[in-house]
Amino acid sequence: MAEVLVYVDHVDGAVRKPTLELLTLARRVGEPVAVALGNGAADTAATLAEHGAVKVLTHDASEYADYLVVPKVDALQAAYEAVSPAAVLVPSSAEGKEIAARLALRIGSGIITDAVDLEAGDEGPVATQSVFAASFTTKSRVIKGTPVITVKPNSAAVEAAPAAGAVEALSVSFSEKATGTKVTARTPRESTGRPELTEAAIVVSGGRGVNGAENFSIIEALADSLGAAVGASRAAVDAGWYPHTNQVGQTGKSVSPQLYIANGISGAIQHRAGMQTSKTIVAVNKDAEAPIFELVDYGVVGDLFDVVPQLTEEIKSRKG
Amino acid sequence: MSLRIVVTVKYVPDATGDRHFADDLTVDRDDVDGLLSELDEYAVEQALQIAEDADDAEVTVLTVGPEDAKDALRKALSMGADKAIHVEDDDLHGTDAIGTSLVLAKAIEKAGYDLVISGMASTDGTGGIVPALVAERLGVPQVTLLSEVSVEDSTVKGRRDGDAASEQLEASLPAVVSVTDQSGEARYPSFKGIMAAKKKPVESWDLSDLDIEAEEVGLEGAFTKVDEANERPARTAGTIVKDEGEGGKQLAEFLASQKFI
């Protein structure tokens with residue numbers, strides 16, 4: 001069976017969930033060979049083996065942390081040349097897409113970004129994408145070179161599928177361009193203890209109706225009762241009530257959780273673009289005419305300051 | 001020495017319009033008004049600010065697109081860009097990201113540049129890969145997804161806010177930069193700016209001006225193929241209740257019925 005390269009997104013050896021989802025999809029098109037780079041790369045092997053990696057290629061060097069993107073492209077290209085895979089799959093993070101794009105160009109291949117599903121086809125992998133604010137779905141293929149495809153979080157369920165996961169050291173020689181963009185300082189984001197927005201199974205968001213940074217505690221309390229991530233509309237972010245890293249929408253992050261709860265969000269196209277593929281959508285809004293209600297599976301027309309705390313209490317009491 | 005800044009912009013179908021696909025599965029541009037991609041306005045803004053801070057600088061705005069794409073150039077000129085380049089050719093119809101990066105890179109080289117600034121992504125395709133592709137083609141540093149950017153002497157610096165960390169980046173010019181919507185609000189064109197824009201030069205280049213063969217771009221040259229595009233079925237109407245004191249509890253009941261609690 002053909003081998004498929006899977007680029008591993010990890011933090012100091014802890015593999016992030018979208019990579020495990022990617023291994024599930026990779027098994028549909030071949031045998032996953034994982035590529036893990038940077039600090040803790042070898043520590044990823046056990047988790048990757050458990051989820052189907054037949055082989056784990058690892059390499060660590062200070063260049064991965066000290067310079068932007070290009071060293072990782074050099075390494076992925078080295079893995080590509082060593083393996084000659086049938087496809088290269090990369091998680092659709094901002095950095096993942098940049099790495100994938102540069103690799104595709106170097107190896108003379110096409111690239112498909114932000115796939116939400118992947119299946120084997122007669123002429124190579126077929127990627128499903130959700131476009132135009134999720135009003136259309138397309139099916140596309142790479143028709144030149146080796147398919148390079150980036151896949152969005154929550155596109156597949158994580159499945160255990162134990163495989164050998166033999167660790168091999170990857171040999172990498174960095175290009176002259178690898179050190180072009182220096183990372184002069186790095187401030188790790190403070191953990192909120194909540195799941196990462198794009199990876200979360202449940203997202204609870206607040207918008208203009210939350211009416212102040214201090215009121216976001218109501219949204220956070222609901223999120224915590226469900227083990228959810230917190231999102232915010234652009235209006236709430238622009239008003240300075242919540243950080244931009246939590247913005248859901250066209251200019252922020254696009255999310256596709258099992259459950260999305262929009263509170264005090266009208267549902268402008270820019271916001272819908274970022275959440276319309278959520279499996280179940282719920283909204284609370286005072287305005288019965290808000291466009292968000294066109295999308296919902298369940299909507300409550302009411303004051304979020306009444307409805308949300310009541311909901312949070314009810315969830316807590318049901319969970320005991 | 002003059003600082004030559006090239007801003008790449010895209011003319012996109014209005015997201016509030018009814019966007020759909022043409023028979024050849026490319027984006028139908030006839031039925032929806034187009035405009036300058038909102039995310040590119042931030043790139044124009046940062047270019048203008050960098051130019052204002054430099055002793056001597058020139059901002060050129062560049063687009064690849066059909067005849068109507070001139071509207072996007074006019075908007076950027078009315079904001080304050082000095083001149084514009086429009087790459088237009090019938091053979092460009094259906095060009096994918098790889099092909100677009102080829103045309104942009106050739107045009108940027110022909111125009112001459114010290115700094116290329118792009119928006120973080122287009123508001124239609126939303127891929128966000130073209131700046132990295134252009135940097136790879138030009139063989140210059142990519143300093144992308146910046147929420148803050150500045151140029152001092154021949155160094156570009158910026159802040160990139162990622163999921164796990166916020167990074168300070170630095171590279172020597174020439175370089176390719178992309179900026180997010182956090183980089184600073186884009187200015188509105190003034191009446192004076194709109195009037196002045198009418199007199200600013202817009203150069204038109206076609207593929208032969210850039211030494212690109214027709215088969216390298218367009219649908220023929222594409223590295224990817226769309227086999228199907230299907231409109232998503234409208235969501236079935238959901239249940240909507242009015243809160244009369246029990247709205248939160250009713251919602252909890254729904255979430256429990258869907259096994260979320």
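All chains are named by letter (A, B, ...) in the order of the sequence lines, taking the proteins before the strands, and each is independently numbered beginning at 1. Since the model is a prediction, treat every value here as computed from it, not as a measurement. For the numbers below, each heavy atom of this structure counts, side chains included, while hydrogens, waters and symmetry mates do not.
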Under a 4.5 Å heavy-atom cut-off, does chain B meet the side chain of A:D114, its backbone, both or neither? side chain

Indicate yes or no for a side-chain donor-acceptor contact from A:T181 to the backbone of B:A171 under 3.5 Å, with no hydrogens or angles considered. no

Between B:K249 (side chain) and A:E314 (backbone), is there a donor-acceptor pair under 3.5 Å? no

If you tally heavy-atom pairs under 4.5 Å against chain A, which of B:A222, B:P233, B:A237, B:A175 wins? B:A222

Measure from the side-chain N and O atoms of B:R232 to the backbone N and O of A:T137, and report whether any donor-acceptor pair falls under 3.5 Å. no

Just by modelled atom types, is the A:T187 backbone N or O under 3.5 Å from a matching donor or acceptor in the B:S166 side chain? no

B:F223 side chain reached by A:I111 side chain, heavy atoms, under 4.5 Å: no

Any side-chain heavy atom of A:V183 within less than 4.5 Å of one from B:L169? yes

Give, for atom CG of B:D96 and atom CD1 of A:I112, the distance between the pair rounded to the nearest 0.5 Å. 9.5 Å

B:E170 side chain vs A:K182 backbone, donor-acceptor pair below 3.5 Å: no

Stepwise side chain to side chain donor-acceptor pair (under 3.5 Å) test for A:T251 and B:E38: CA-CA 9 Å; A:T251 60; B:E38 185 200 331; 5.8 Å; no

Looking at B:A165 and A:R186, what are the two nearest heavy atoms and their distance? CB-CG, 3.6 Å

At a heavy-atom distance under 4.5 Å, which candidate from A:S135, A:G302, A:A283 has the highest pair count against chain B? A:S135

Between B:R137 and A:L105, is any pair of side-chain heavy atoms under 4.5 Å apart? yes

Do A:D303 and B:D243 have side-chain heavy atoms sitting under 4.5 Å apart? no

By residue number, those in residues 115-124 of chain B with heavy atoms under 4.5 Å from heavy atoms of chain A are B:M120, B:T123

Would you say A:K177's side chain and B:E136's backbone share a donor-acceptor pair under 3.5 angstrom? no

Beyond-backbone contact of B:V143 with A:L68, side-chain heavy atoms, under 4.5 angstrom: no

Most contact-rich option vs chain A, by heavy-atom pairs under 4.5 angstrom, among B:G99, B:A97, B:G127, is B:G127

For residues 254-261 of chain B, run the donor-acceptor check on the side chains, cut-off 3.5 Å, and write out each pair with its distance to 0.1 Å, sequence neighbours left out.
{"from": "B:S257", "atom 1": "OG", "to": "B:F254", "atom 2": "O", "distance (Å)": "2.6"}

Who among B:P13, B:A164, B:S101 has the most heavy-atom pairs with chain A under 4.5 Å? B:A164

Between A:H244 and the options B:D181, B:D161, B:T180, the side-chain hydrogen bond (donor to acceptor under 3.5 Å, both in side chains) test singles out B:D181

